[in-house]
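The structure under discussion appears below in the form of structure tokens.
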Protein chains: 2
Amino acid sequence: MVTFERLLGRMHELADLAGVIGLATWDQETFLPAKATAARASQLATLQKLYHQRLVDPALGDWLLEHARAPGDRGAMVRVLNLERERALKVPERLVTELATATAHAIDAWKQARADDVFEPYRPHLTRVVALKREQADAIGHGGERYDALLDGYEPGMTVARLQPVLSALREQLVPMVRALEAVRRERVDPFAGQHFEVAAQERLTLELLTTMGFDLEAGRQDRSVHPFSGGTHPRDVRLTNRFDPSDPLVAVFIALHEGGHGLYCQGLDPALFRTPLARVPSMGLDESQSRLWENLVGRSQAFGGYLFARLQAAFPSQLGGVAPEAFAARVNRVERTALRGQADELTYNLHIVLRYELELGLLRGELEVADLPAAWAERSGALLGLTPPSPRLGVLQDIHWAEGALGYFPTYSLGNLYGASLFAAARRALPDLDAQLREGQLLPLRDWLRERVCAHGHRRDAEALVQAVTGRGLTDEDFIAYLRAKYSALYGSPL
Amino acid sequence: MVTFERLLGRMHELADLAGVIGLATWDQETFLPAKATAARASQLATLQKLYHQRLVDPALGDWLLEHARAPGDRGAMVRVLNLERERALKVPERLVTELATATAHAIDAWKQARADDVFEPYRPHLTRVVALKREQADAIGHGGERYDALLDGYEPGMTVARLQPVLSALREQLVPMVRALEAVRRERVDPFAGQHFEVAAQERLTLELLTTMGFDLEAGRQDRSVHPFSGGTHPRDVRLTNRFDPSDPLVAVFIALHEGGHGLYCQGLDPALFRTPLARVPSMGLDESQSRLWENLVGRSQAFGGYLFARLQAAFPSQLGGVAPEAFAARVNRVERTALRGQADELTYNLHIVLRYELELGLLRGELEVADLPAAWAERSGALLGLTPPSPRLGVLQDIHWAEGALGYFPTYSLGNLYGASLFAAARRALPDLDAQLREGQLLPLRDWLRERVCAHGHRRDAEALVQAVTGRGLTDEDFIAYLRAKYSALYGSPL
């Protein structure tokens, strides 16, 4: 029998390789010279191949089996790594290669089709990706619902049977709420419009806000990229990126709060779990719960909003000195049906998710074909959002996810909203002074509460079990809907 | 028999891993958060271990044997990779680990000893490193001269028997030249002293100079680090760093020319050699020949100096508008005996190298022990430079190299000076308009000449054979001494 230390050595090796893949990916989006994209693609492919080889190594399988009954964290490490290994073993190398090639071509075709605002040239590429994803789901295995196999890759343990009623209920409650809010006539003057906000000052402000959140800038950084993300190589090396729009500082401010939420999750890990299979989030949904919590439940709240706006005014006194806090609150909480998910507010965002979930479920079941996707998109968009996208760019071509092969990913955004609201409600119960603290910009008590209960534990448990342990309830929309009702009734002066 | 394509696949894998090690190292010196140093050390150790495992893999040995008689570039690839593999195989893993640990401790001890300006606490650490380096040299194997085994790691094919007469002759010629120049009384007013040079303007100027040299900023970058270096992941991803001193723009200007020289070597590689064992310099000496050529033979020349100073004046008109070009030429070509190698001029620099070479040769032969090093340093320093270092920090503690275990490295700096002068003399013969071009700041003809003859070829041949093919002569000090005599006789108005 091999010692656990030997197994731990392999775990460290895999974690280090994953960290270096994180570095090469971060660098690709931030500092890589233009002519080095092909070289970087090769380097990443080599790292991923080595990671895969070390993961599927039969010796590792034996070691995991020998330690299957290890107690405590060690047992959880074995369980999590074994699941990852089993998944990797089930998908034949040929399919992995075909998926990598097909998605690379599909991403290129998607970019071009989006630029030209036409779906047709992209259609055959997406058709190929969907066919391969069906094949991949069957290879991984499922109990009759292909979607489950893919969903499990992003949200371990989640199934359509569990998810479907949650999203349906969400849909049924949100559609009338959005309609009711849109019926309220509101002042539409944007107090930020038509002004210039120096980028260097925006950058300073976002770094200040990250520090206020308790993000440790000696164990992480914020750089710039076209599409902001959070990544890095280790919980002591967390890399956030941001994007600065000289005409609107709120873009960067809310990106900082969002990515900072992801960053706090990573930095909060118990050091005992560093370089192990538990040193990661248990699910994409729970990861998103932290970013959405900090961006929306804190960042767009009445309590913290006053502090946040004061900091914005201090950074841009001449541009914002005369703006009333109420105008700011209205600006960052405007409910409006838009064609683009990326511009959606807290309520309609989830309707965009339901739209995509229903369509990709149909694609995987074989009830919907890619050729019929634009028409299906228009029909569902009408039912959910009350609008038909005026062109493919504002409809079926707006997201990169399907081109990347990330079918089954979208629901994790809504799960993040639900988990985030439940965790925030629990924090509110546990921290009686929370509102007062938020008003003062004192975010560390909330950070510490979340760190101790959620972030520290990495993947010790699956997401829903962790949320259940913290909040006393599993996946539910009750906290989220209650939060929305209370907040938007007050903001719009109209009971929901 | 395995196909060459299969072997090439392994070569690509090794090159990609080396590239990623380059990225992780670059990042460590530029952007890594302070608290991530331990994490990065683990990541680098894992990458190096994987590289080593893939290199010493017995299957690779078989494949190399099968293709030992491959023609042309393929044959050279097999030869170079085989030599690297043989070297790696000869050093037992235990010794590799012991060296890594001992040098890590020695570097820490060196930093502290240097800060405290005392040799004694560092002595046992350096003693341990020297003992392990003797052991490593014996493991690699040699014909009675341990130094040869280490030298070969930096300068393949070079031996003490070949090097010793060259360095001795250099010493004999330079010592009286330095004495003669120091006897000439000169104006010592520094036209740059006491002024402020904005760092952003310095940075713009260095990027402009890199572009003027023909360094492609779409296939490379310049960032900042405490100790400037050139690195990167691929010939299309070359990372230079610089250091900006607000009181003296010449620091950054000459670093840019120096690192830019290394960068041009890397960017100039024939794309047919990308991701192969030939995609690297044949020796550290030849690598240094390019940086020293651009920094000194171009950068400090009478011809390019006028152009360079005009660009400096354009960047800093109020600070430098009234300075005469002759004062600039005198400032950048001041010959002066200093205790520190890092501050040495073109002439005395080589005496610093001879000093270190003689001492490390004694250490490896066992004729000198570490405990006697400070006294030996003082004695040689008196003979070579006519000065005794006032304290260890300005003497035996000034370089990091020995703490890092890089015994045998120093001579490559002087080899670089000699090769650089010979290559520049050949360029001058081949490009009759070179001086006129340098005066106009037209550096591309020289870059292209060097690229075609030197940079493009990577490690197709060993350094001396390549220089022999380009200049018609092997390693010699004649071109270097002739260059120094002509230049400094004119500058000092005193025949040498």
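Scope of the values below: all heavy atoms of this structure, side chains included, with no hydrogens, waters or symmetry mates. Below, chains carry the letters A, B, ... as their sequence lines are ordered, and counting in each starts from 1.
Of the atoms belonging to B:Leu47, it is side-chain heavy atoms, and not backbone ones, that fall under 4.5 Å from chain A. At a 4.5 Å heavy-atom cutoff, A:Phe274 makes no contact with chain B through either its backbone or its side chain. Contact of A:Gln53 with chain B is made through the side chain alone, with heavy-atom distances under 4.5 Å.
Among B:Gly19, B:Ser42, B:Ala219, the residue making the largest number of heavy-atom pairs under 4.5 Å with chain A is B:Ser42. Across A:Ala36, A:Pro33, A:Ala45, the residue that shares the most heavy-atom pairs under 4.5 angstrom with chain B is A:Pro33. Taking B:His234, B:Arg275, B:Glu218 one by one and counting their heavy-atom pairs under 4.5 Å with chain A, the maximum is reached by B:Glu218. Here B:Gly220 is the residue among B:Ala24, B:Gly220, B:Gly232 with the most heavy-atom pairs under 4.5 Å with chain A. Counting heavy-atom pairs closer than 4.5 Å to chain A, the top-ranked of the candidates B:Arg54, B:Arg40, B:His12 is B:Arg40. Between chain B and the residues A:Leu17, A:Val238, A:Leu32, A:Asp237, the largest count of heavy-atom pairs under 4.5 Å involves A:Asp237. Counting heavy-atom pairs under 4.5 Å between each of A:Arg221, A:Glu13, A:Lys49 and chain B puts A:Arg221 at the top. The candidate from B:Asp223, B:Leu50, B:Thr46 with the greatest count of non-hydrogen atom pairs under 4.5 Å with chain A is B:Thr46.
A:Glu29 has no carboxylate O lying under 4.0 Å from a charged side-chain N of A:Arg224, or vice versa, which leaves the two without a salt bridge. A salt bridge links B:Asp270 with B:Arg460: the closest approach of a Lys/Arg side-chain nitrogen to an acidic carboxylate oxygen falls below 4.0 angstrom. The residues B:Arg236 and B:Asp216 are annotated as not salt-bridged, no charged nitrogen and carboxylate oxygen being separated by less than 4.0 angstrom.
For A:Lys111, the NZ atom counts as loosely surrounded, since its 6.0 Å shell holds 12 or fewer non-hydrogen atoms of other residues, nucleotides or ligands. The number of heavy-atom neighbours closer than 6.0 Å to NE2 of A:His105, taken from other residues, nucleotides and ligands shown, is 12 or below.
Ring centroids of B:Trp63 and B:Phe4 are separated by 6.0 Å or more, keeping the two rings apart. Under the 6.0 Å cut-off for aromatic ring centres, B:Trp26 and B:Phe31 qualify, their centroids lying closer than that.
Counted by atom type alone, B:Gln222 and B:Thr206 present one or more donor-acceptor pairs between their side chains at under 3.5 Å.
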